[in-house]
S.K.: 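Would you mind keeping the following structure in view while I ask a few things?
Worth saying up front: this structure is predicted, and the values here are computed from it rather than measured. Residue numbers begin at 1 in each chain, while the letters A, B, ... track the order of the sequences.
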Amino acid sequence: MIALLRISSLTNIFKSTYTSSFIHNFVPTIDPSDSLLYFLLLSVESQSLKLTQQCHAQVHRVGLSQHPLIAQKLIISYSHFKHTDDSQLVLDTILLKSTHLCNSLLNGFAKNGLFSKSFKLFRIMSDATSLPPADEFTFSIIFKAAGDIGDVLCGKMVHGSGIKNGFVLDTVVCNSLITMYSKCGSIDNSLKVFDEMLHKNVSSWNAAILSYANLNSDKRNGFSDNNELWEFVKGMQNEGLKFDAYTISILLPLCGGDVKNGNCSKNLGYGRELHCYIVKYWLDLCSGSGSDAHLGCCLIDMYSKSGGVDIGRRIFDRLKNRNVFAWTAMINGYVHCGHYNEALCLLREMQWRDQLEPNKVSLVSVLPACSSFAGLTGGKQIHGFAIRRELSHEVSLCNALIDMYSKCGSLNNARRVFDYDCIKKDAISWSSMICGYGLHGKGREALVLFDEMLQNGIQPDTIMVVGFLSACCKSGLINEGIKIYDYVLNNYDIKPTLEMCSCMVDMLGRSGQLDRALDFIKSMPVEPGPSIWGALVSASALHENSEMRDLAYKFLIQMEPENSSNYISLSNQYAASKQWDNVAEVRKAMKERGLRKLPGCSWITIHSVTHSFFVADKSHPCSGMIYRMLNELGLSMKLYGRNPGSAYMMEVLE
DNA sequence: TTAGGGTTAG
């Protein structure tokens, strides 16, 4: 009855809008089922739910409600528009239900994230009493749903059911099973399914390669030195199978380095080989995926992350079908390499040259360029653009905005985004705000927020702990910092990192507890790096403990023998205490190593004009005024009992 | 009808 009422209302929609439309004239001229199938396809392509509804009404009007193919297309169309209740209604109306139709509804539920409905329907199909039995298509869909949930127990249950029903011999079913286990984090099971497959195709290898990649390394940082994955990939070619566009798009992200952190990938050589392969088989690869932009994105990303942003740009310029992904990949590449102006220009260019709207990711990608280059005004413009496009509540964008506002000095705006725009906060939202407080030395605020975050059930991770410790360090909240450090290590799955330990040394050192800082270094579970000894150097200098300072310098120079800054700062320290012999010794050591200090440079942008300054630079037209102000600041610091560091001041004022 | 790949944030 309910179904009939619903259909009746749909018919009314159809009648009210249909009479003058072209569909009305078109339908009677050819077979009604053909025309309806055509319009249903058109409704999805043109994103018109109304057309789907009109077709549905017409289906009933011309008596085609039991037509299996039309019913299937209706189920698919309604699912596409997230109207799965209407998809269900279509199936309910069918008297002779087929597995085929049930699968379409099952897929509709799964694609809309309605997993409980998917599994309920799957159970009914498995009973094979009120609905037709499951087939291999059913299992492909349900394995995918289990993978999307990410629950390995659920995955194993449906796997068992698949084996019992004899469907785990089909290649596509096995491929979806490999992916399911991979998504559930059970890589061993994933590769076991692959090993035991009778007929592997290219997609089977792709699924296994992706799984293998997850096993071996973090994609973002490139692969570890082992060659196991690449040997595995060669196995695919040894079996006479060619890479397709999917294979390459899985492999290329593993070849990029992390130029931002000074790491160039060890796998760039493989990346170049893949690039050659793409050039050789370009047409084949692009005909499969329909566009060259897809592989282009991967190449741009790989080269940019390996420091070759110019190569990325050349690839970008030659793309025939540049879509928003390609533009965003290029923008992101420029930001990654510190070419902020180019990134900002591209954001404008994509709109006027290709008439493409930047999406959420484009904006997230370009925001760091505002923090480092365009400043608060540029950041606010991006924010305004996001508001106009109704994107300002997207969590990733909010997180990037919080970061941008914090780094541009506007903590109030950062907090406003955190409180009002960021409706669904994730761990990064909390972390961004805590790190913002850390950046501004607002330890108390960071402490309150950290506590609130824990009460909200958000798990802390190493990055937010570093942000929090940094805030404590700058605010002198030593006990609070130490307490939280111990708390997170004892209560969460967090292992101390070098950054966390550096914060601890910095915190203890700044508070004058130099011996405690040294004891901490001796007992810490990670190998001390330059940041650790650097923190101890600064703290020892601050508290004028020359013995500790020399010890810290000794380790620091041992670790970074080619870093001229360490020698210069040590020399300056000796000079400040008039230890001229030591100064000479340090300068001699530098000379022997052929080290020269590059002059430090800082810059500031005022009214879109960037002013840069080198050490002891007096070339600026306002140089006299600037140095007078520096002198005044130095004197003020002394008045407040803070030593600006005579050696450093000497260097600046010389 | 079924599986797999692209740009992002602390």
Side-chain angles (χ1 to χ4, degrees), chain A residues 69 72-73 75-76 98-108 110 134-145 147 167 170-180 182-183 201-211 213 220 244-253 288-289 291 293-302 304 323-333 335-336 358-368 394-404 406-407 422 426-436 438-439 461-468:
Chain A
L69 193 53
Q72 188 222 348
K73 296 295 176 197
I75 291 172
I76 293 172
S98 65
T99 301
H100 189 153
L101 279 179
C102 295
N103 286 343
S104 297
L105 182 62
L106 186 72
N107 202 24
D135 63 6
E136 63 269 33
F137 290 87
T138 319
F139 277 93
S140 296
I141 298 164
I142 209 69
F143 286 159
K144 177 175 158 42
F167 291 119
D170 179 85
T171 300
V172 174
V173 172
C174 286
N175 294 352
S176 62
L177 195 50
I178 294 169
T179 306
M180 179 199 79
S182 174
K183 282 184 179 171
N201 62 12
V202 175
S203 300
S204 319
W205 278 91
N206 290 346
I209 289 169
L210 192 61
S211 195
R220 286 174 305 172
D244 67 5
Y246 281 82
T247 324
I248 295 173
S249 65
I250 294 166
L251 292 173
L252 281 177
S289 57
S291 160
H294 209 132
L295 288 176
C297 277
C298 298
L299 284 171
I300 293 165
D301 195 50
M302 180 193 76
S304 303
N323 57 14
V324 68
F325 293 102
W327 280 93
T328 305
M330 197 63 248
I331 289 171
N332 193 41
V335 171
H336 208 86
N359 66 12
K360 173 185 74 176
V361 182
S362 321
L363 303 184
V364 169
S365 298
V366 85
L367 274 170
E394 293 283 345
V395 65
S396 58
L397 187 60
C398 287
N399 298 344
L401 283 168
I402 293 167
D403 184 58
M404 179 275 296
S406 302
K407 286 179 177 159
C422 198
D426 64 9
I428 298 178
S429 320
W430 291 89
S431 174
S432 305
M433 199 60 240
I434 290 168
C435 289
L439 202 64
D461 63 23
T462 54
I463 298 176
M464 63 176 83
V465 172
V466 168
F468 174 75

S.K.: Report yes if some heavy atom in the side chain of A:V466 is under 4.5 Å from a heavy atom in the side chain of A:I463; otherwise report no.
M.R.: no
S.K.: Are any non-hydrogen side-chain atoms of A:N399 and A:C422 less than 4.5 angstrom apart?
M.R.: yes
S.K.: Please tell me which of the listed nucleotides, B:dT2, B:dT7, B:dG10, lies nearest to the side chain of A:S140?
M.R.: B:dT2
S.K.: Touch check for A:I141, heavy atoms < 4.0 angstrom, all strands: base, sugar-phosphate only, or nothing?
M.R.: sugar-phosphate
S.K.: Side chain of A:L210 only, please: which of B:dG5, B:dT1, B:dG6 is the nearest?
M.R.: B:dG5
S.K.: Output the single nucleotide from B:dG4, B:dA9, B:dG10 whose closest atom is nearest the side chain of A:Y246.
M.R.: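 Selected nucleotide: B:dG4.
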S.K.: Any base atoms under 4.0 Å from A:T179, or only sugar-phosphate, or nothing? Heavy atoms, all strands.
M.R.: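 Result for A:T179 = sugar-phosphate.
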S.K.: Rounding to an integer number of Å, can you tell me how far A:F143 CZ sits from B:dG4 P?
M.R.: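 Result: 13 Å.
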S.K.: Between B:dG10, B:dG6, B:dA3, spot the one nearest the side chain of A:S203, thanks.
M.R.: B:dA3
S.K.: Look at the side chain of A:S249 and decide which nucleotide, out of B:dG10, B:dG6, B:dG5, has an atom nearest to it.
M.R.: B:dG5
S.K.: Could you please name the option among B:dG10, B:dT1, B:dT7 that lies closest to any side-chain atom of A:F325?
M.R.: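 Nearest listed nucleotide: B:dT7.
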S.K.: What residues, two or more places apart in sequence or in another chain, satisfy ring-ring contact (aromatic ring centres under 6.0 Å, His included) together with A:W205?
M.R.: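 Result, ring-ring contact (aromatic ring centres under 6.0 Å, His included) vs A:W205: A:F194, A:F232.
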S.K.: Given B:dG6, B:dT1, B:dG5, which nucleotide is nearest the side-chain atoms of A:N103?
M.R.: B:dT1
S.K.: Determine whether a donor-acceptor pair (one donor, one acceptor, N or O, separation below 3.5 Å) exists between the side chain of A:N206 and the base of B:dG5.
M.R.: no
S.K.: Output the single nucleotide from B:dT7, B:dA9, B:dG10 whose closest atom is nearest the side chain of A:D301.
M.R.: B:dT7
S.K.: For B:dG4, does OP1 or OP2 lie under 4.0 Å from any side-chain N or O of A:K144?
M.R.: yes
S.K.: Mind calculating the distance between CH2 (A:W327) and C1' (B:dG6) to the nearest angstrom?
M.R.: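 For the pair A:W327 CH2 and B:dG6 C1', the rounded distance is 17 Å.
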S.K.: Could you check how far CD1 of A:I209 sits from P of B:dG4, rounded to whole Å?
M.R.: 16 Å
S.K.: Where do A:S406 and A:D403 land on the side chain to side chain donor-acceptor pair (under 3.5 Å) test, with the steps shown first?
M.R.: CA-CA 5 Å; A:S406 302; A:D403 184 58; 5.9 Å; no
S.K.: Distance check: side-chain N/O of A:K360 vs OP1/OP2 of B:dT7, anything under 4.0 Å?
M.R.: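 Answer no for this pair, as no side-chain N or O of A:K360 is under 4.0 Å from OP1 or OP2.
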S.K.: From C-beta outward on A:T328, which listed nucleotide comes closest to its side chain: B:dT1, B:dT7, B:dG4?
M.R.: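 In terms of side-chain proximity for A:T328, the closest of B:dT1, B:dT7, B:dG4 is B:dT7.
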